[in-house]
Amino acid sequence: MTSDDPLPMQDLARLWPLLPAFRAVGETEHLPSAAELAACGPSALSRSIAQLERQLGRPLFTRTGRSLALNDDGRRLLDAVRDAMRSVDETVQTIRGDALRGRFRVGSSGAGTTALVTPALER
């Protein structure tokens with residue numbers, strides 16, 4: 001890391017453990033639903049979100065009563081977290097040898113083949 005890096009490793013290390021909780025809450029915008037996804041309690045998620053917002057110095061959600069909605073900063077962070085997690089997951093699968101590779105066959109018949117399957121395979 002150089003001093004020109006936008007986010008020093010120490011800052012990222014403090015944020016990183018909070019990102020799965022943020023993703024669960026950001027995708028559902030509902031603490032009880034997010035708690036089911038994250039397999040933890042809503043209060044733990046709420047504390048993680050509050051800590052993340054404190055560390056960033058900005059709110060990520062608009063709060064109205066007990067409801068949550070991502071604000072623009074929250075949507076931007078959620079997109080980045082999804083991309084980062086997807087990249088890490090794909091790399092881990094490749095390292096483990098779990099990544100999909102090789103040939104595959106698709107079977108289909110009827111009008112669905114011409115209308116849906118063939119154009120999708122061409123893409």
Side-chain angles (χ1 to χ4, degrees):
M1 283 262 155
T2 67
S3 60
D4 296 337
D5 289 327
L7 189 63
M9 184 66 77
Q10 291 174 341
D11 288 345
L12 187 57
R14 282 190 286 273
L15 296 175
W16 196 261
L18 303 171
L19 298 179
F22 167 73
R23 182 175 179 182
V25 176
E27 288 181 344
T28 63
E29 295 183 331
H30 185 248
L31 282 171
S33 299
E36 284 185 39
L37 283 175
C40 67
S43 60
L45 289 178
S46 182
R47 284 189 302 271
S48 293
I49 297 304
Q51 185 178 356
L52 180 60
E53 289 176 325
R54 270 193 310 278
Q55 289 184 21
L56 293 173
R58 305 186 66 104
L60 300 169
F61 294 88
T62 300
R63 291 163 174 84
T64 308
R66 294 179 63 114
S67 69
L68 295 170
L70 282 169
N71 63 24
D72 289 340
D73 288 334
R75 277 189 288 281
R76 204 169 17 258
L77 182 59
L78 181 58
D79 288 343
V81 167
R82 283 178 178 151
D83 290 344
M85 287 182 170
R86 185 178 308 112
S87 179
V88 169
D89 182 57
E90 289 170 357
T91 302
V92 167
Q93 287 181 27
T94 299
I95 290 168
R96 288 181 175 162
D98 296 340
L100 297 176
R101 55 196 140 125
R103 291 185 158 171
F104 69 95
R105 295 174 191 248
V106 176
S108 179
S109 64
T113 300
T114 305
L116 302 171
V117 176
T118 303
L121 289 173
E122 289 174 349
R123 284 193 299 273

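Note that the numbering runs from 1 along the sequence shown for the chain. Below, each value reflects all heavy atoms present in this structure, side chains not excepted, and no hydrogens, waters or symmetry copies.
The heavy-atom pair separating P32 from P42 by the smallest distance is CA-CG, 4.3 Å. Nearest approach of L70 to F61, heavy atoms of both residues: CD2-CE2, 3.5 Å. Closest of all the heavy-atom pairs between L45 and A35 is CD1-N, 3.3 Å. Nearest approach of A44 to C40, heavy atoms of both residues: CB-SG, 4.5 Å. Contact detail for G26 and E29: the closest heavy-atom pair is O-CG, 3.5 Å.
In this structure, D11 pairs ionically with R14, as a charged nitrogen and a carboxylate oxygen lie closer than 4.0 Å.
How far OG1 of T62 is from CG of L68: 9.0 Å, rounded to the nearest 0.5 Å. Within the model, atoms CZ of R96 and OG1 of T91 stand 12.0 Å from one another, a figure rounded to the nearest 0.5 Å. Rounded to the nearest 0.5 angstrom, M85 CE and L19 CG are separated by 6.0 Å. Between the CG atom of L77 and the CZ atom of F22 there is a distance of 4.0 Å, given to the nearest 0.5 Å. One distance of note links CD of E27 with CG of L37; it measures 7.5 Å at 0.5 Å rounding.
Residues P59 and D73 form no side-chain contact, since every pair of their non-hydrogen atoms from C-beta on lies 4.5 Å or further apart. Looking at heavy atoms from C-beta onward, L60 lies out of side-chain contact with L78 at the 4.5 angstrom threshold.
The main-chain N or O of D83 is never found under 3.5 Å from a side-chain atom of S87 such that the two would form a donor-acceptor pair.
Only one option out of Q51, E53, R23 pairs with L18 in a side-chain contact (heavy atoms from CB on, under 4.5 Å); it is Q51.
By the 6.0 Å contact criterion, CZ on R63 is enclosed, its count of non-hydrogen atoms from other residues, nucleotides or ligands being greater than 12. Within a 6.0 Å radius of CZ in R58, other residues, nucleotides and ligands contribute 12 heavy atoms or fewer.
One hydrophobic cluster holds both W16 and I49 under the rule that ILVMFWY side chains link at heavy-atom gaps under 4.5 Å.
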